Every structure is written in C-alpha cells, then in structure tokens.
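Note sheet for the following structure.
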Amino acid sequence: MESLINHIAVAGETLFQVKWEAKQIQFQETRKEFEGDTTLVVFPLAKVAGKNPEELGNALGAYLQENVDFVESFNVVKGFLNIRFSDHYWLTALEQMRSAESWGWATPNSKPRIMVEYSSPNTNKPLHLGHLRNNFLGYAVAELLKANGHTVTKVQIINDRGIHICKSMWAWKNLGNGETPQSSGMKGDKLVGKYYVEFDKTYKSQITDLMSQGKTKEEAESHAPCMMQAQDMLRAWEAGDEGVVNLWKTMNQWVYEGFNATYQKMGVDFDQLYFESQTYLKGRNEVMKGLENGVFFQKEDGSIWIDLTDEGLDQKALLRKDGTAMYITQDIGTAILRFEDYPDTVSQIYTVGNEQEYHFKVLFKVLKKLGWPQSEACHHLSYGMVELPEGKMKSREGTVVDADDLMEEMYNAAKEVSEEQGKLSGLEDQEKVEVYEKIGMAALKYFLLRVDPKKNMMFNPQESIDFNGNTGPFIQYGYVRTQAIKRKAAEVGIVISDKKTKTLHVSERELIKLLYQYPVILQSAAALYDPSVVANYAYEVVRQFNAFYQNCSILREEDEAARSLRLELCALTGDCVQRSMSILGVQMPDRM
RNA sequence: GAUUCCGUAGCUCAGUUGGAUAGAGCAACUGCCUUCUAAGCAGUCGGUCACAGGUUCGAAUCCUGUCGGGAUCACCA
C-alpha cells in the first residue's frame, strides 16, 4: 500500500509534471459491484493536474499496471480507479499473517500503563442491566487497550459509604429480625437491596403521616423519623461508632459476596479495588492543600470552591461548609491515590454513564490545577442508557432488569435452543452446561457491545435471546465450524502441506482481505475506546467465512495445495475471531 | 432557558480524514441439507439519511437555522 502511494506520486511527476500531496492520494474500499481490491479517488488528483478524471484514471491505471508488480489489472468508473492486486500479493499477505505471533496484536506491555475504571457500584442494591453495559464495556475497553500493547490496570471504586447504605442499615436494624443471607437463603446483595426498598416504603408512609398532620412536603421529607435516624447513623459512622461500623462492615460484606458471585458469572475481573470509605478523607486533604496553594477559594460560610469560569465552566463546590466530603471530593482523592499507587500511569479511563459528563469535565480540570498533568489524557468513557420497550428502568416502578435474573434467562434460552438442535448429544452434562453458559453470555454481551457506546440503546428481551443473524451465537457458530474442520482434519490425517497454490477463489480472496485489516481495526477501535468496532468486524469476518465455507469445500478438496490454503484460512479465521471476541469477554465453545 | 449527545428501512443497528446506485440483522416472502454443523448460505421486499438552507466537482458525513428525543446545569450521589 505504501509503495502504491509512492508510485502514484512518481507517476504524477513523470506523466503530468505535477506534485500530489499525500493527502490528495485517497484510497477507499472498492464497492463490491466493481472489480478491484482498492479504489483510488481520482477527483482530487485530476483537479490539481487540470485533467479529466476519467482520462487521468486510465493513464494512471496503465502506469501502475506497468510499473507495480502486484497490480494485476484496473478499471475506471467515473472518477474512480479500481485496482486489482495479483493473487500472489494476497498469498504473501496470508503468509505474513500466518507467521505473525498474534496477527494484529501489539507486543504485550509495550506501551504505558492505563487504568480503566468500571462498575463503581453502590453497596445498597443489586446490579442491574445498566451495570451489565457498564461492566462489559469497561472490561472490553481494558482488553482492547491490552491488545494494543498497553499495560492495563482494571480498577473499581466501591461506593461503600454514605446515606444510601445507612438507609439499608436502618431498615435491617429495625425491621430485619436478624435476617442474614444464610438464614434467608438470599444472595447478600439482594438481601441488602430488599431492606433499601423497605426503608423507602417506611419513609414514604412517614412522609404521608406527617403531611396529614399539616406539615409541608419539605418539612415532612426532612423530619421523617427514619430519615433522621439514618442520618444519625451516618454521623455515628463518621465518628467511628463501633456498633454502627460493625453493622456497616457486616452488611457490606454480604453485598461483596453477592457482587462477586455476579461478577464471576459476568466474566469480569479487577486488578485493584478502591473503596470510597478509604479515599474520601484523602480527597478532603487534597482539597485543603489546593486551598492553601491558592488553587481553590473559600466562601464566607466555609465551603470550598473552584472557579472554572475561565475554562468556560462555572464555579463548583468541592467541600461543604461543614467540611464534609462530597461526591467530587472523594473522586479527587481516589484519582490522586491511584496516580500515587501507580506512578507510571499515563491515563485513567472512567466508564461511567453520560449523565456524569459535566462531573468529569470538572474533575479533570481540578486534577490539572492540582498539578497532575496526566489528567489531560484522562477520558470519561461515557455511555448511553439502556432503555426497555416499556420505557426507562425505574427501581420504584419495579421495571429494573436484574443482572442475575437476566443472565439466568439467557442461560435457559441457550439451553432450550441447544436441546432443540440436539447437536451436543455426545457431551457430558458438565460440558453441556459450559456450552450453554458460553452461548447465553455471548448473546447478552454481544447484544450490549455491538452498539456505539455513546448512544442510548434499546434492550428488547425477545431480540436479545435471538441467536440468528448479527448475534454473539452467530459468531460462535462460525468459530465452531473452523474448529470442527480442524478436528476432522486431524481425525482423517490431513495436514497442512508445503505445497502452495497459485490462484485464489473469490471468497478466499475476500476473506484474506478482511483478515488483513485486523491490525487497523484494533488500532482505530482503541483510539475511539469503542469495542463495537471490534464486534462489528468479527461479524463481518464470520459472514465472509460462511460465504467461503459455502463456496469452497475444504477437506473434500482434491488438490493438496488448495486444501492446505483453505485449512490455513480456517485456522486463521478461527484465531482472529476467537481473539476478537476475547476482547469483548466472549468465550468460544468448540462445538454447539 | 443554557450546554451537550442523538435523529439512517416497519423494528434493532452499521456507515469517522466529505466520494460511486446509503448497508446488515430481525420481521415478511423464495430457493438450498444422501456432500466439512442449515444457530448457515443465496435471493425478493423495504429509504425524502428528521426538515430547510449553505460550502463544492461531490454531503448521511462539514457549517447555520428549525423540529423532535435524551442527559446535564445542587454544599445529591
């Protein structure tokens, strides 16, 4: 490709005595209704040369065919020069891919450390569909950066402190009768979540009572006994009250056990955990330091602020007048702690919903003003909401889709379809379970990851468990085909021989072309922090493979050289698809 | 109101340095299993790229405005 650009530049000078800039030499994919492997857009060149695009295209095509060994033929349609490369060119490309360690992937840990934060749950209720999108996205971006050579640390901030957990604590203490995950048989996060809901019910009824006694809505909301007691608990917690702290520890522990079970099913992991309870004080100290250094200012009431009006933003509070930490205070503390823990970190990626965009703009500016230049490379991986056909998820209206429930549904759907197909008859029960899990999770993850992260997306339960078409199982199925061929080849003793074929079938050619793009795909996906690029690419590869599979027989091919080529193509496709999907956190079964 | 993201086929989505007749899947309809797994392949049907201007050889893509939807604009998290 490089040499093609050079040749065109030379042709410009020798044929037309003009100098073309590199950016005027534009290539694009050849539309499939025309013949060619790449297409040169002639218009910009014609403009500079003052020639008719069609004539110029023909002259240029003839020149390239004459002077470039891998240019086999050309045709000109309007102002587009379609160039066809020789089979030899593509066979060389295939050889290059085959001899690469992991074609398309950079050397592991050859680039600086990036931290990727995702999940960031509150410890008062179970994980739901929104968390699934968050976790899958964060995990995938982390893996994508790894594939591009970065050292990656996956981190989580756990919001274990604050009024929300105190609400659950209050309800459990007053209404729980000592119930535990063991005694109730409930997952810990579900149990704690149950009491959060209980609190809300009590709170509402107390508000109603107070309002019927003549209080205004605001008064009722702030004077409801349960709320005042929950706030007492928060103060007691901050003061280190032993009873409150112990209850806090116990209930959080239940939640962590529940979360860990869910994370394991989801197939996500973390290298390092950060707890708000351990960073909010540091945040306060950092803000105080900033105040001393004159980066921030204090208002008369004692609250501390930053003035970002020169950056086009507003003034923003960083610490309350009573000196307690706010949401942003603890984020400042956490970010700085991470830079201190991992001094080689060049960037932090925050996987957090798009409703926090303003928050992160402010956070990065604050960090910069506090003297952390890494903050300029920090990125808020902002993603859109997952909507349901009946509207938004609202916990109060019971329309939240629980993560555990959904994963179980996906498993059951995968099991049902698999049993219907009856292709797993030879397997042990345990092996079958693994396959069902892989299929169910593939459907779910792919469904959530194939969409551009920044867009809101629609989650339709019926469509998500469809295993046909542009879905995770479709991709798995393509992979399974490559593995089946590999197995069969070994069984009948067919091996890849040294005999090299000279000519390519159209669908072989197209498949090689697509596989050859892999490095570029990974780089652009990483540059955009967008795993959907990889998801859609994997789909294209499998589609192309299926066409190839349909058109070319592999094991039954008589010609040894052609058979070898096809086996190689199978292996390469399987590898590419498997590694692409591993970036998305999707595992591949060997059969399905 | 201000800021910001979004609006592409009946539905869900691709389409990123401006390029040819705007692409997939689902849904509906046709074909293809004695041949490597039919969770597949091939095909038909389906479009005023929200709307109106502008920039130019060329606009779904860039600019301006309008309409529609989401998010944010707290000493909440």
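Here is the naming used below: chain letters follow the sequence lines, and residue numbers restart at 1 for every chain. Computed from a predicted structure; not experimentally measured.
- Looking at heavy-atom distances under 4.0 Å, Q356(A) makes contact with a base.
- Nearest nucleotide to the Q28(A) side chain, out of A20(B), U37(B), C41(B): A20(B).
- Nucleotides G31(B) and U21(B) have their P atoms positioned 34 Å apart, rounded to a whole Å.
- R31(A) has a side-chain polar atom (N or O) that falls below the 4.0 Å cut-off from OP1 or OP2 of G23(B).
- Listed candidates were A42(B), A77(B), U37(B). Nearest to the side chain of E276(A) is A77(B).
- Here the nucleotide nearest the side chain of E357(A), chosen from U4(B), U72(B), C36(B), is U4(B).
- The residue S418(A) sits close to a base: some heavy atom pair falls under 4.0 Å.
- Using a 90° window around 0 for the glycosidic torsion, C33(B) falls inside it and is classed as syn.
- Between N468(A) and G40(B) there is a side-chain N or O to OP1 or OP2 distance below 4.0 Å.
- Between the E117(A) side chain and the V352(A) main chain, no donor and acceptor come within less than 3.5 Å of each other.
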Which protein N or O atoms sit under 3.5 Å from an N or O of nucleotides 11-18 of chain B?
residue : atom : partner : partner atom : Å
C13(B)  : OP1  : M458(A) : N            : 2.6
A14(B)  : OP1  : D452(A) : N            : 2.5
A14(B)  : OP2  : K455(A) : NZ           : 2.9

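- Nearest nucleotide to the Q550(A) side chain, out of U37(B), U72(B), C41(B): C41(B).
- In this structure, the side chains of E387(A) and F459(A) stay at 4.5 Å or more apart for every pair of heavy atoms.
- Within the 4.5 Å cutoff, the side chain of Y118(A) has no heavy atoms near those of the L381(A) side chain.
- An OP1 or OP2 oxygen of C73(B) is reached within less than 4.0 angstrom by no side-chain nitrogen or oxygen of K316(A).
- Under the 4.5 Å side-chain criterion, counting only non-hydrogen atoms from C-beta, V366(A) is in contact with F296(A).
- Between A24(B) and K32(A), a contact under 4.0 Å exists linking OP1 or OP2 to a side-chain N or O.
- Each of A20(B), C36(B), A77(B) was ranked by its minimum atom distance to the side chain of K78(A); first place goes to A20(B).
- Of the P atoms belonging to C41(B) and C26(B), the separation is 9 Å, rounded to the nearest Å.
- Side-chain atoms of L555(A) lie closest to C36(B) of the nucleotides A71(B), G25(B), C36(B).
- Ring centroid separation for the pair F34(A) and F80(A) does not come in under the 6.0 Å cut-off.
- Set against A77(B), A22(B), C41(B), the side chain of N546(A) has C41(B) as its closest nucleotide.
- Remark: ring of F34(A) overlaps the six-membered base ring of A20(B) in a stacked fashion, centroids less than 5.5 Å apart, planes less than 30° apart.
- Across the C1' atoms, G54(B) and G15(B) are found 24 Å apart, a figure rounded to whole Å.
- At a non-hydrogen distance threshold of 4.0 Å, F474(A), Y477(A), V480(A), R481(A) from residues 473-481 of chain A come into contact with RNA chain B.
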S382(A) vs Y350(A), side-chain hydrogen bond (donor to acceptor under 3.5 Å, both in side chains): CA-CA, chis, key distance, verdict: CA-CA 8 Å; S382(A) 164; Y350(A) 292 86; over 6 Å; no
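- Ranked by how close their nearest RNA chain B nucleotide is to the 5' end, G162(A) and V435(A) are led by V435(A).
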Secondary-structure notation, RNA chain B, from Watson-Crick and G-U pairs under 3.5 angstrom (| other strand): (((((((..((((.....[...)))).(((((.......))))).....(((((..]....))))))))))))....
